[in-house]
Amino acid sequence: MKQIKTLLLLAVAALMTACGTTSHVPVTGRKQNLLVSNEQVLSLSSQQYQEYMKTATASTNAEQTAMVKRVGQKLATAVEEYLKSNGLAEEVKQYAWEFNLVQNKEVNAFCMPGGKIVVYEGILPVTQDEASLAVVLGHEIAHAVAKHSAERLSNAYKQQVGMQVIGGVAQAAGASSSLQQLGSAVLGVGAQAWSSGFSRSQESEADHIGIIFAAMAGYDPEVAISFWQRMAAAGSGKTSIFSDHPSDEKRIKQIQEWMPEAKTYYKPVQVTAAQTKTTTTASTKKTKAKAKTTTKKKK
């Protein structure tokens, strides 16, 4: 009996080794083995994202909506440039970026596989500025780039396959027809489920990669420290994207440790002379127009 059990465990190990692809997470270099492809993950998540957007109510604040799209696009451009320059140009093809601000008071945001990003209005009073928003979006985009959802699916699939082999039904182990059902069980139903329930190690990795993505996009990564401090002050009782994350104290300590690395990627956005001239001219025109209006009123 012991010999049979050993052979079955060896079969599981061999199956896990033979299946899937081995890669390294961008930036951190962590090794991961994925049993599901990009195509499978995108197919599973796309429909739920579309369903979510049908029920969500878009923000009516044009200025804040424009800010989310602007910051998001800067991050997306920086991430794609990084991937291309590090031999990962094929990875770029899986992203079709979308940035949405929706009416919801929760302190929340999420990014689905493929670059579908949703920000709740409730988080903006905490971010307060574009740089802190970049830290949040960088964290969410990091989950997608690091393929954390695919990793969760793969780990669950390994467990399912192992149980099948040990249970004497190894013939069904290699099949992927039940992946949809497995995805619903592991990730839950709904778009946000794809960006919740990550392990603490994955959340820390997203924090790490996220501040570097923000720095790549031209945002000072130092703001991450004050942002997380504001989040801690906001109270842990509120529903937020941080409920499953490491403790506030540990997170801030880790970010401080990663800061020297993040600073190496930080290149502040330079304002050109032409941009300065345009801004100054526009400001002057606005002042003159206001002065004329005031003069007319006095008459």
Side-chain angles (χ1 to χ4, degrees), residues 56-79 97-111 115 117-144 192 195-196 203-204 206-259 261-263 265-271 275 279 283:
T57 303
S59 172
T60 57
N61 189 312
E63 184 178 350
Q64 291 182 342
T65 298
M67 177 179 66
V68 168
K69 293 182 182 296
R70 179 172 61 252
V71 175
Q73 192 54 59
K74 284 182 181 179
L75 281 160
T77 299
V79 168
W97 303 98
E98 289 184 29
F99 307 96
N100 310 278
L101 179 64
V102 301
Q103 294 181 30
N104 194 308
K105 294 181 180 180
E106 288 184 16
V107 181
N108 222 328
F110 64 87
C111 175
I117 295 137
V118 175
V119 177
Y120 290 4
E121 287 180 330
I123 202 170
L124 297 184
V126 185
T127 56
Q128 298 183 0
D129 52 47
E130 288 196 20
S132 295
L133 176 61
V135 170
V136 172
L137 294 183
H139 174 99
E140 296 306 323
I141 290 173
H143 277 308
Q192 192 178 333
S195 289
S196 63
E203 293 294 355
S204 291
D207 284 345
H208 184 180
I209 299 172
I211 62 170
I212 288 176
F213 282 170
M216 288 177 183
Y219 295 101
D220 187 354
E222 286 281 359
V223 305
I225 296 173
S226 58
F227 166 70
W228 291 116
Q229 289 172 337
R230 289 197 299 275
M231 279 302 307
S236 58
K238 296 182 179 180
T239 302
S240 76
I241 59 174
F242 316 119
S243 57
D244 294 323
H245 291 208
S247 66
D248 297 315
E249 183 180 349
K250 182 178 181 181
R251 171 182 290 108
I252 293 171
K253 184 175 183 294
Q254 287 179 325
I255 289 175
Q256 290 171 331
E257 292 172 352
W258 297 322
M259 197 55 63
E261 178 188 2
K263 285 286 191 180
Y265 291 93
Y266 177 44
K267 294 181 180 179
V269 177
Q270 299 295 324
V271 179
Q275 288 175 318
T279 303
S283 178

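Not measured: the values here are computed from a predicted model.
A donor-acceptor pair under 3.5 Å links the side-chain atoms of Asn100 to the main chain of Ile117, judged by distance alone. At least one donor-acceptor pair closer than 3.5 Å links the side chain of Asp129 to the backbone N or O of Ser132.
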Apply the test side-chain contact (heavy atoms from CB on, under 4.5 Å) to residues Phe99 and Val71: give CA-CA distance (whole Å), side-chain angles for both, the deciding distance (0.1 Å), then the verdict. CA-CA 9 Å; Phe99 307 96; Val71 175; over 6 Å; no
Take Val126 and Met231, measure what side-chain contact (heavy atoms from CB on, under 4.5 Å) needs, and give me the verdict at the end. CA-CA 7 Å; Val126 185; Met231 279 302 307; 3.3 Å; yes
Can Tyr120 and Val107 be said to form a side-chain contact (heavy atoms from CB on, under 4.5 Å), step by step? CA-CA 7 Å; Tyr120 290 4; Val107 181; over 6 Å; no
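Gly218 approaches Tyr266 most closely through the heavy-atom pair O-CE1, 3.5 Å. The two residues Phe213 and Ala142 come nearest to each other via the heavy atoms CE1-CA, 4.0 Å. Nearest approach of Ala214 to Ala134, heavy atoms of both residues: CB-O, 4.0 Å. Heavy atoms only, all atoms of each residue included: Ile123 and Val119 are closest at CG2-CG1, 3.7 Å.
Checked against Glu203 for a side-chain hydrogen bond (donor to acceptor under 3.5 Å, both in side chains), the options His143, His208, Arg251 give a single hit: His143.
Residues satisfying the side-chain contact (heavy atoms from CB on, under 4.5 Å) criterion with Ser59, sequence neighbours excluded, are Asn61, Thr65, Leu101, Glu121. With sequence neighbours excluded, the residues that form a salt bridge (Lys or Arg N to Asp or Glu O under 4.0 Å) with Lys253 are Glu257. With sequence neighbours left out, the side-chain contact (heavy atoms from CB on, under 4.5 Å) criterion links Ala66 to Arg70.
Here the CD1 atom belonging to Ile141 is positioned 11.5 Å from the CD1 atom belonging to Ile209, to the nearest 0.5 angstrom. Taking CH2 of Trp228 as the start and NE2 of His139 as the end, the distance is 5.5 Å to the nearest 0.5 Å. With values rounded to the nearest 0.5 angstrom, Met67 atom CE is found 5.0 Å from Leu133 atom CG. Rounding to the nearest 0.5 angstrom, the gap separating the CE atom in Met259 from the CD1 atom in Ile211 is 4.5 Å. Taken from CG in Leu75 to CD in Glu140, the straight-line distance is 11.5 Å, to the nearest 0.5 Å. The CD1 atom of Ile255 sits 9.5 Å away from the CD atom of Gln229 when rounded to the nearest 0.5 Å.
Atom NZ of Lys263 has more than 12 heavy atoms from other residues, nucleotides or ligands within 6.0 Å.
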